[in-house]
There are 2 protein chains.
Amino acid sequence: MALTRQDVLAAAVAILDEYGLADLSMRRLGDALGVRAGALYHHVPNKQTLLAWIADGVLASVPRPAAPWRPGLAAWAADLRAALLAHRDSAELVASARAMGLAENDAAADAAALLGAAGLPAPDAAAAASTLVHFVLGHVVQEQARLEWERFGKPDPDRAPTATQASFTLGVGLILDGIAAHLPR
Amino acid sequence: MALTRQDVLAAAVAILDEYGLADLSMRRLGDALGVRAGALYHHVPNKQTLLAWIADGVLASVPRPAAPWRPGLAAWAADLRAALLAHRDSAELVASARAMGLAENDAAADAAALLGAAGLPAPDAAAAASTLVHFVLGHVVQEQARLEWERFGKPDPDRAPTATQASFTLGVGLILDGIAAHLPR
DNA sequence: ACCTGAACACCGTTCAAGT
DNA sequence: ACCTGAACACCGTTCAAGT
C-alpha cells in the first residue's frame, strides 16, 4: 500500500518522541516507513513544512481558553505547557515554526479575543496574549532542554521539577496580575 | 601568523552579521580565515561552544540593570533588545545557548538581584527576572525571524516596525505591572 | 501516482602527516 | 603548536528511470 501524509506525520511524531528532534532526519524517517528519503517528497513539500505540521498538531490539542479571563488563561497556559511537555522537544519545534510564520494555528489569537471581550483594548490584548505565549514557550523550551540534558548527563540537583513547576505558576501569575492592572476597574 | 581564538570569534560574528546563522558553517568560517575547517578545532572545542561564546559576547554588551527597579528594568529590557537587534539572528543564538546551559552570562541574575533588593522574595524575584528575559528573547526572536523573511521575501505590510516596537513596550510594561503587584506596598 | 537508485551540494569532526 | 589533506559519517533535496 502507498504511503499517506498521515503515515508520514505519525512516524515523524514517533521518532520525535522516542529519539528527539536532533535525530529526526528525512533519511531516518524514510527508514522507519520502509522507504527511501526521496520518496517522502511525494507526501511532504519539505522538512520545514513537516515540522510545522507537527507543531500545528501539538497546538491543536490545546483546549481553547474560556471566560472568565483570569482562571481561563491560567488554565490555558497550563494546558499549553502540558501539551508541549507531552512531546519531546516540541516547545522548540513550535517556537521555530511560529517564528518562521509556518504555524497555521495562531495560539495567541483566542487568548487575545478573550481579553478583548473582557474589556482590554485590542493592541493591549494582542500584546498581553503574545507575552503569555512567549513566556510559556520560553519556559518549556528551557524545561525540555534540561530534560534532554538529564537524559544522558548529570541530573543536576539544584533545580528540582517542583521548582520549575513553581516558577511556571509564578510567571503566569505575574503576567495575569499585569493584565489585571491594565483592565478597566 | 597563527590564528587566535579572538580572530575566529570576530570572523564568526562577521559572517553572522553579513550572511546569517544558517550560513555560519565551520567550512565557511575556515574560508573567511584562509584556513581549512579542521584547523579551527585548534582554537575552538566545537561549533556549539563557538556559538555560545558569541552569545556571551552579545549579553556582555548589555549594561547591568540599576535601581530604582522599575525604570531600571524597563531600560535594561530595551538595552537587551537593542543588543540582540545589533547582531543578525542573535536572539535565536542566545536562546539556544541559554537553553543548552552553555551561556556563561546569566542574563537574569542581575535583574533578580535588583528585585530582591527592592523587597521581592527570592523565588519570586528569580521567576520575575526569567519571565522578563523569556519575553524579550521570544519577542526579538520573532522580530528577527520577520527581518530574515523580509530580507528576501515579500515585506508584509500588516506589521510595521512601529507596531512591533509598541508591542514590546506594552509587554514589558505588563510584566513590570505584574511585578509591582507582588511587591510589598 | 508512487518509489528506487543515484547523484548533488553540502554538513561537523577527526586525524595522520607535514612544517 | 598549527595547519593540510583526506577521510568518516552524515545531511536535505532532486530527478531519471522503473512499476
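Below, chain A is the first sequence line, B the second, and so on; all start at residue 1.
- Atom CE of B:M26 and atom P of C:dC11 are 12 Å apart (whole Å).
- One atom, CG of B:L40, and another, P of D:dC3, lie 9 Å apart when rounded to the nearest Å.
- Taking the P atom of each, D:dC10 and C:dA9 are spaced 22 Å apart, rounded to whole Å.
- With a cut-off of 3.5 Å on both Watson-Crick or G-U wobble distances, the partner of D:dC8 is given as C:dG12.
- Under the Watson-Crick or G-U wobble criterion, with both distances below 3.5 Å, D:dC3 has no partner in any strand shown.
- Of the candidates C:dT14, D:dT4, C:dC3, the closest approach to any side-chain atom of B:Y41 belongs to C:dT14.
- Residue A:H43 has its side chain nearest to C:dC3 when only C:dC3, D:dC2, C:dT13 are considered.
- C:dC3 atom C1' lies 15 Å from atom CG of A:D7, rounded to whole Å.
- Nearest to the side chain of A:A39, among C:dC3, D:dT13, D:dT4, sits C:dC3.
- By the 30° and 60° cut-offs, the orientation of the rings of B:F135 relative to B:F168 is parallel.
- The distance between atom CG of B:N46 and atom C1' of C:dT14, rounded to the nearest whole Å, is 13 Å.
- Between the side chain of B:H42 and the base of D:dC2 there is no donor-acceptor pair of N/O atoms closer than 3.5 Å.
- Within a 6.0 Å radius of CD in B:E92, no more than 12 heavy atoms belonging to other residues, nucleotides or ligands are found.
- Atom P of nucleotide C:dC3 and atom CZ of A:R5 are separated by 14 Å, given to the nearest angstrom.
- In this structure, B:M1 places its CE atom 9 Å from P of D:dC2, rounding to the nearest Å.
- A:R27 places its CZ atom 15 Å from the P atom of C:dC11, with the value rounded to the nearest Å.
- In this structure, B:P65 and B:G72 approach most closely via the heavy-atom pair CB-O, 4.2 Å.
- For the pair B:D31 CG and C:dC10 C1', the interatomic distance rounds to 13 Å; values are reported in whole Å.
- Among the nucleotides D:dT13, C:dC11, C:dC3, the one closest to the side chain of B:S25 is C:dC11.
- One finds a side-chain N or O of B:R36 lying less than 4.0 angstrom from the OP1 or OP2 phosphate oxygen of D:dG5.
- Between the B:Q144 side chain and the B:S90 main chain, a donor and an acceptor come within less than 3.5 Å of each other.
- Side chain of B:A2, nearest nucleotide from D:dC2, C:dT4, D:dC11: D:dC2.
- Salt-bridge annotation for A:R146 and A:E143: absent, with no side-chain N of the basic residue lying under 4.0 Å from a carboxylate O of the acidic one.
- Nearest-nucleotide mapping onto DNA chain D: of B:L3 and A:D23, the residue sitting toward the 5' end is B:L3.
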